[in-house]
Every structure is written in structure tokens, then in C-alpha cells.
Amino acid sequence: MADYREMWKELDMDLEKHDGLCEVLPMFYDEVYLSQENRPENMNYYNFVISEVHGLRIKELQDSKQEGKKVIGSFCVYVPDEITLALNCIPVGICSGSQFWVPDGEKLLPRNTCPLIKASIGAKLSKTCPYFQSCDVVVGETTCDGKKKAWEILKDYMDVYVMDLPQMKREKDKIHWIDEIKMYKDLLEEKTGIKLSFENLKEKIELVNKKRRTLKRLYNFRKYDPVPISGKDALLVSQIAFYDDINRFIEMTNKLCDELDERVKNGEGVFEKNTPRIMITGTPMSIPNWKIHHIVETSGGVVVCEETCTGTRYFENEVDENANTIEEQFENLANRYLGINCACFTPNKGRVEDILNYVEEYKVDAVIYNSLQFCSTYSIEYKSVEKALKEKGIPVIMIETDYSEEDTGQIKTRVEALIEMIKEKKGVTA
Ligand code: BJ8
């Protein structure tokens with residue numbers, strides 16, 4: 001691997017602390033990912049991306065900045081990438097998924113805060129995340145209370161812009177969200193000195209839709225039995241989608257899909273036919289949070305779908321490309337983004353409907369409702385999801401956890417029991 005220390009130094013990173021992070025990630029990756037059997041060959045690209053996660057991709061971002069582009073960090077799938085890209089900026093998702101950053105986050109945030117928020121703040125504070133260090137501005141949003149208040153703290157350390165996301169989906173909320181998208185456009189126009197044009201936005205709406213279609217294509221292969229790709233690998237591809245170069249990502253993911261197509265034709269899978277099929281729903285899983293997937297797939301099950309923001313919520317529903325004016329483009333953007341069903345909204349019946357549809361589409365045997373600790377919106381919404389699934393006779397368990405490994409044994413015991421129960425129901429012998 002090339003020596004990137006000079007680059008990291010220029011990014012004002014804490015090199016010593018960062019060395020500690022660089023030591024643990026590869027070991028962890030080997031254990032969780034490289035130990036899998038019969039992986040698609042095209043997963044090598046994603047292995048490479050991970051091996052260069054703080055190297056080559058950061059170098060690319062720096063090179064783009066030299067050419068005048070801006071890097072925009074975000075923490076939520078409501079921030080419209082189309083606007084970011086159309087204004088010559090590069091969007092990167094910077095939600096943090098590692099326990100490594102939690103202690104630093106806890107220096108400023110109460111311990112009973114969601115680990116995603118603690119780790120994100122900790123990543124900035126500890127100066128060990130080169131993505132954070134590369135951002136010209138980060139865009140927060142008013143989704144949950146924890147995030148809202150965390151932006152106030154983050155503002156002491158970097159340039160933070162906050163989008164005011166409505167919490168309901170009435171007509172007046174849509175008008176408000178259109179306005180917020182316009183204000184976000186104004187911010188980037190000011191930062192870049194570029195004016196948004198209809199043509200630029202049209203091109204990027206089409207590009208981001210293409211990325212969504214590619215992810216959807218990938219997920220469609222998970223509907224087969226046997227499944228041609230593991231849940232862990234599919235999750236990794238989704239996670240990488242948040243910061244890889246968009247055109248390259250589309251190209252490489254389509255290559256992977258071509259390989260999966262062959263596998264399906266040959267009846268080849270990563271797990272045996274009739275392996276218990278699990279859907280995970282709940283809070284997002286940012287790199288390197290592979291905890292629940294790893295537990296499921298080392299306990300005799302396979303994850304076939306994620307109803308999360310690092311899953312279906314990221315790519316379902318395209319932006320309508322039929323628009324004749326910029327105004328119509330903004331409205332189409334607002335419509336697509338307000339179609340995402342996050343638990344921060346009330347009421348949020350659409351999420352329950354999505355979950356029930358995915359159960360059918362992906363032929364799901366059981367659902368794991370995964371909520372990060374202290375995330376009240378998702379943990380409260382469990383009740384309505386549980387009720388709807390029980391009515392359909394679909395087993396569901398709730399797992400509330402953080403990024404640490406302390407509860408892994410306990411969770412594994414519960415997941416194993418769930419999988420045994422499905423096997424008995426399906427008449428599968430171990
Ligand atoms: S659209 S899920 S990415 S807000 S940070 S709400 S886990 S307590 S991340 Fe999210 Fe956007 Fe919604 Fe998706 Fe809970 Fe933690 Fe808050 Fe979280």
C-alpha cells in the first residue's frame with residue numbers, strides 16, 4: 001500500500017491515533033469478510049476499496065479538490081446528492097460505524113446517546129477520519145433529537161450546514177422541503193461560485209437514478225434461492241455506495257451483477273437452498289458495522305434484504321425525470337425524498353407497508369428488527385412493525401445494540417434460536 005502519511009498530515013490528522021485504527025480494521029475485515037466461502041469474484045473490487053478506504057479514495061478526493069471541486073459530507077439519505085453533484089461537488093456519507101470513535105464522542109456527548117452520533121462526533125474530534133477532514137462543509141439535518149443537538153457541538157469544529165427536514169408528509173411539508181432543497185442549492189452555489197442549470201441537474205438526476213437502479217438490480221438477485229451473494233457482501237456494496245466515485249461504482253456493481261446473473265442461471269449460491277432467509281429492518285449500518293449480518297450468517301441463516309438507509313431506503317423510488325423547468329425538478333426531488341420512510345416521521349405507516357412488501361418479494365422467513373441503542377424513534381416504532389408481522393405469521397425479534405462486541409454472545413444465542421425455529425418450520429435438517 002502506498003504511503004499516505006504526508007497526505008494525512010496535510011489533512012491535519014492525528015497520525016498516532018490513526019495508526020491504532022489502521023491496525024484493527026484489516027484484521028476485523030479478514031475475519032468477517034475474507035473468511036467467507038464461494039464469494040463472487042467481482043467482490044475483489046470492494047475488497048480493494050476497503051483496503052484503500054483511507055488511502056486511494058482520499059487521494060482522489062484531494063485531487064478533485066485541486067481541480068476546484070468541493071467535498072460535502074452528509075449523515076442522512078434525505079440530503080439530495082443530485083444537487084451536490086450538479087454543483088460540481090462530491091457527496092460523501094460520513095456516518096460512523098466503529099466503536100473506535102465512541103469514547104471520543106463520549107467526551108462531549110452523554111453516554112446515553114446513539115452510537116452512530118457518538119462515533120460521528122468522535123471521528124471528527126479525534127482527527128482520525130480522513131473523510132471528515134476532507135469535507136469543505138458537512139450537512140446535518142433535523143431528523144432525530146440526538147443529531148439535531150450534535151450539530152450544535154460539531155459547529156465548534158467545522159463548517160456545518162443544517163437542513164430542516166419536516167417530520168410529517170402533508171402538502172405544506174412538501175412545500176417546506178422544496179424550499180430547504182433550494183436553500184441547500186443556494187449554499188453550494190455560494191461555496192462553488194457556480195449557478196445551477198436545468199441541464200446540469202437533469203444530468204445528475206439521471207445519474208443518481210442510474211445508481212439506484214444498479215443497487216436495485218443487485219438486491220433483485222437476493223430474491224433467489226439459493227442466494228448468489230451473501231448479505232454481508234451486499235451490505236458492503238451498499239456501504240461503499242456512499243463514498244465511492246459514482247460512475248465507477250455503477251460500472252463495478254453492474255459487473256458484479258453480471259456475475260450474479262450467471263450464478264443464478266447455474267443455480268449456484270453462497271448458501272445452500274432452503275437456508276433460513278432473514279430480513280433486517282431498522283437503523284442504518286455504516287462501515288464497519290457488520291455485526292448483525294455476521295452473526296446471522298455464522299449461525300445458519302442468510303440476510304436477504306435490509307429495510308434500512310444502508311439498504312432499500314437508499315435506492316428505492318427514483319426521481320421523476322420528466323420535468324420542463326427547474327421548479328419541476330425541485331418538486332420531483334422533494335417527492336422522491338419525502339417518499340423515504342424514516343421513523344423520524346409521524347405517522348410512518350409507509351414503512352410498515354414497505355416491510356410487508358419486502359417480506360413477500362424477498363421470500364423472508366423471519367425479520368430482525370435492529371435498533372441502535374438509545375434511538376427512540378426506531379425502538380418505539382417496533383411495536384407497530386411487530387404487530388403487522390405477527391398478523392402475517394412472520395416471526396420477528398428486536399435487537400437493540402451498539403457498536404461494541406460485549407453483547408455478541410447474547411445476540412448470537414437469540415439469533416441461533418430464531419434460525420433453529422425456522423429450520424424446524426421449513427423441515428430443514430442441519
Ligand atoms: S433517514 S434512519 S439516515 S435519520 S442518529 S435516527 S440511529 S438516534 S440515522 Fe437516519 Fe436519515 Fe432516518 Fe436514515 Fe436513531 Fe441514531 Fe438518530 Fe439515526
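Both counts, for ligands and for their atoms, begin at 1 and track the order of listing. All heavy atoms count here, side chains included; hydrogens, waters and symmetry mates do not. Positions are given from 1 along the sequence.
Side-chain atoms of Y45 and R248, non-hydrogen and from C-beta on, do get closer than 4.5 Å to each other. The shortest side-chain heavy-atom distance between V237 and F249 falls under the 4.5 Å cut-off. The shortest distance between side-chain heavy atoms of L256 and Y46 falls below 4.5 Å.
Residue contact check: R313 has heavy atoms under 4.0 Å from atoms 2 (S) of ligand 1. The atoms of ligand 1 that sit less than 4.0 Å from any heavy atom of Y78 are 1 (S). Atom numbering of ligand 1 starts at 1 in the shown order; those under 4.0 Å from a heavy atom of T143 are 4 (S).
Checked by atom type and distance alone, the side chain of R213 never pairs as donor or acceptor with a backbone atom of V208 at under 3.5 Å. Listed for the T346 side chain is no donor-acceptor partner under 3.5 Å among the backbone atoms of M168. Counting only distance, with no hydrogens or angles, the side chain of K169 and the backbone of L338 share a donor-acceptor pair below 3.5 Å.
Contacts between I117 and ligand 1 below 4.0 angstrom, taking non-hydrogen atoms only, involve the side chain exclusively. Contact annotation: for P284 versus ligand 1, heavy atoms closer than 4.0 Å belong to the side chain alone.
What sits closest to atom 16 (Fe) of ligand 1 on the protein, heavy atoms only, is C144 SG, 2.3 Å. Remark: minimum distance from atom 11 (Fe) of ligand 1 to any protein heavy atom is reached at C76 SG, 2.4 Å. Among all protein heavy atoms, the one lying closest to atom 7 (S) of ligand 1 is T283 CG2, 3.4 Å. Of the protein's non-hydrogen atoms, C375 SG, 2.3 Å is the one closest to atom 14 (Fe) of ligand 1. Protein heavy atom at the shortest distance from atom 2 (S) of ligand 1 is Y378 OH, 3.3 Å. Here the heavy atom of the protein found nearest to atom 13 (Fe) of ligand 1 is C309 SG, 2.2 Å. Given atom 10 (Fe) of ligand 1, the protein heavy atom at minimum distance is K147 NZ, 3.7 Å. The nearest protein atom to atom 12 (Fe) of ligand 1, hydrogens excluded, is given as C342 SG, 2.3 Å; this is a heavy-atom distance.
Ring orientation note: the planes of H18 and W8 are nearly perpendicular, at an angle over 60° on the 30°/60° scale.
Metal site remark for atom 16 (Fe) of ligand 1: C114 contributes no N, O or S atom at a distance under 2.8 Å.
The side-chain tip of K223 points at the ring of Y362 from less than 6.0 angstrom away and within 45° of straight on. The cationic group of K59 does not satisfy the cation-pi geometry with Y4, failing either the under 6.0 Å distance to the six-membered ring centre or the 45° limit from the ring axis.
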